[in-house]
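Have a look at the structure below before the remarks.
Residue numbers start from 1 in every chain, and the chains themselves are labelled A, B, ... in the order their sequence lines are given, proteins ahead of strands. Heavy-atom basis, side chains included; hydrogens, waters and symmetry copies ignored.
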There are 2 protein chains.
Amino acid sequence: MATGRNHRPATRSRGIPEATVARLPLYLRALTALSERSVPTVSSEELAAAAGVNSAKLRKDFSYLGSYGTRGVGYDVEYLVYQISRELGLTQDWPVAIVGIGNLGAALANYGGFASRGFRVAALIDADPAMAGTPVAGIPVQHADDLDRIISENGVSIGVITTPPGAAQQVCDRLVAAGVTSILNFAPTVLSVPDGVDVRKVDLSIELQILAFHEQRKAGEEAASADSGPDPAAPPVRAATSSRKGPDGDMPAVMPA
Amino acid sequence: MATGRNHRPATRSRGIPEATVARLPLYLRALTALSERSVPTVSSEELAAAAGVNSAKLRKDFSYLGSYGTRGVGYDVEYLVYQISRELGLTQDWPVAIVGIGNLGAALANYGGFASRGFRVAALIDADPAMAGTPVAGIPVQHADDLDRIISENGVSIGVITTPPGAAQQVCDRLVAAGVTSILNFAPTVLSVPDGVDVRKVDLSIELQILAFHEQRKAGEEAASADSGPDPAAPPVRAATSSRKGPDGDMPAVMPA
DNA sequence: CTATCTTTGTGCACGCGTTCACAAAGACAT
DNA sequence: ATGTCTTTGTGAACGCGTGCACAAAGATAG
């Protein structure tokens, strides 16, 4: 019943830190590229550079999985690919259902990176009856009324939500009721899920806003003597100290929508 | 020249912790919803619940911005919306360019959440000459040859990369050369950027793999007495101790692509 | 067999982020 | 004016993650 429990709070899973788990796919990608070039072994320094991380961090990460390297030589690429794949659970097939086949849902269905690495788009679900039967990326869209059955029959345990924000919580509840225990949420909504269900959030708007923050800061630093404009340290006229400072007139309406 | 410097390493910006910056958009979204319902004030407890975070964390986050609350009452919604918007730099217009108009790029161009909150899709760029002139989401696609000019003329400082992975680094280099200092990267590639350029990464494949890890762990815990199958603690036959343990035959080919 | 050289694996220290718990502050009733 | 009650703002403790620096381990040459 935890409201808005995003990501993993601090529950270390099976001794492997969450931060390490988040980097394993990165290592795996770099190792796969090396494997395709038939590189037999790789040092922590080389692999770290390819993955964009510190070499000490990489070695510590791998130490959580076990001692898979050879001192003086490095790591066996194929063996490490297998170990990480196994640790991440990519040696098995993961049927995935995408709910909400709008622009984004359709794009994800077509996305090649989805299909590889053990993930398979098993079902596309939408609430619009007009879309039922229409194939998207070669997969017919099914109606949301049959959500329970679709999830059960396909053994889906990972759901992807690409609905409008208003429908996200309801879809989430139905997915969880049908047996889904992992959700990738693209809707800009805080989802409430019961314990035992993992939610990961991908929010384009939030990413842009974080970039805007740093962008503004960079601009404010370079032009420290601008035309009274973006000085992030000078707050505007603070409203009176009364309890209701609503319609004072100096509060610009910032958000268009 | 820093290779693979993603996110912010540890550089605290303007006294505001990076973790706090990442949560400000979340608060802003919740506050905007309250504002639309004409709620005048909100307590840290209520707002924290709406944003899905701890109330103490929220209060500490706001304390970095200043003392904008009233003890015994809570926070003025409109005032806080303005303060956070200003802090995030959303009071100004941010022209954004999307490079790589495939499925995902087109979906982002159509995505409504992009347009709101000060972000404006100023240009769509693709390397395919056949797409030049074709309107996507009402915006004509322009050819990548004119990238420099497009970025300069529109004053774009935030670029979104939705190209195939092979083209991402080259596109990134050209964007940076043209003056872009913030990049949102959807391509599964580690980007190298010079200092002063911020890169944020959105990687669907990585998110799924993290979910798969926890999913596997959950499945392994519940069925602790399965048919010798997914025991995450028992490593398979370790290859011989020689330096080259490549083609031993017992190394399953895990990655299909 | 011994020496040297490379690279892993990790002990340790440090800093950031989170959470608790509580004093200070202000609203509100009397 | 005073007391009570609610809620903020923050000091302090704790835990996680990161990076340094080095010893241990093994390969390789002589």
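For residues 50-62 of chain B, the set of pairs meeting the salt bridge (Lys or Arg N to Asp or Glu O under 4.0 Å) definition, not counting sequence neighbours, comprises B/Arg23-B/Asp61.
Among A/Phe62, A/Tyr79, A/Tyr82, A/Tyr75, the one residue that satisfies the ring-ring contact (aromatic ring centres under 6.0 Å, His included) test with A/Tyr68 is A/Tyr79.
Proximity of A/Asn54 to the phosphate of D/dG17: no side-chain N or O atom is located under 4.0 Å from OP1 or OP2. Between D/dT8 and B/Ser44, a contact under 4.0 Å exists linking OP1 or OP2 to a side-chain N or O.
Sequence order on DNA chain D of the closest nucleotides to B/Gly72 and A/Thr20 puts B/Gly72 first from the 5' end.
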Using a cut-off of under 3.5 Å, enumerate the N/O to N/O pairs linking the protein to nucleotides 9-13 of chain D.
from, atom 1, to, atom 2, distance (Å)
D/dG9, OP1, B/Gly69, N, 3.0
D/dG9, OP2, B/Tyr75, OH, 2.6
D/dG9, O4', B/Arg71, NH2, 2.9
D/dG9, N7, B/Arg59, NE, 2.9
D/dG9, O6, B/Arg59, NH2, 3.2
D/dG11, O6, B/Lys60, NZ, 3.3
D/dA12, N6, B/Lys60, NZ, 3.0

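Distance, B/Ile16 CD1 to C/dG17 C1': 15 Å, rounded to whole Å. Between B/Leu58 atom CG and D/dT7 atom P the separation is 14 Å, expressed in whole Å. Taking atom CD on B/Glu18 and atom P on C/dG17, their separation rounds to 8 Å, with Å as the unit. Computed from coordinates, the A/Arg23 CZ to D/dG19 C1' distance equals 12 Å when rounded to whole Å. In this structure, A/Glu45 places its CD atom 14 Å from P of C/dT6, rounding to the nearest Å. Whole-Å rounding puts the A/Asp76 CG to D/dA27 P distance at 13 Å. Taking atom CG of residue A/Leu65 and atom C1' of nucleotide C/dT8, one finds them 14 Å apart after rounding to whole Å.
At least one side-chain heavy atom of B/Gln216 sits less than 4.5 Å from a side-chain heavy atom of A/Trp94. Using a 4.5 Å heavy-atom threshold, the side chains of B/Asp173 and B/Val193 count as separate.
Not a single donor-acceptor pair under 3.5 Å links the side chain of B/Thr70 to the backbone N or O of B/Val73.
Side chain to side chain, B/Glu36 and B/Thr32 fail the donor-acceptor criterion of an N or O pair below 3.5 Å.
Salt bridge present: B/Arg29 and A/Asp203 bring a charged side-chain N and a carboxylate O closer than 4.0 Å.
Distance from the side chain of A/Lys57 is smallest for D/dG19 among the nucleotides D/dG19, D/dA27, C/dG17.
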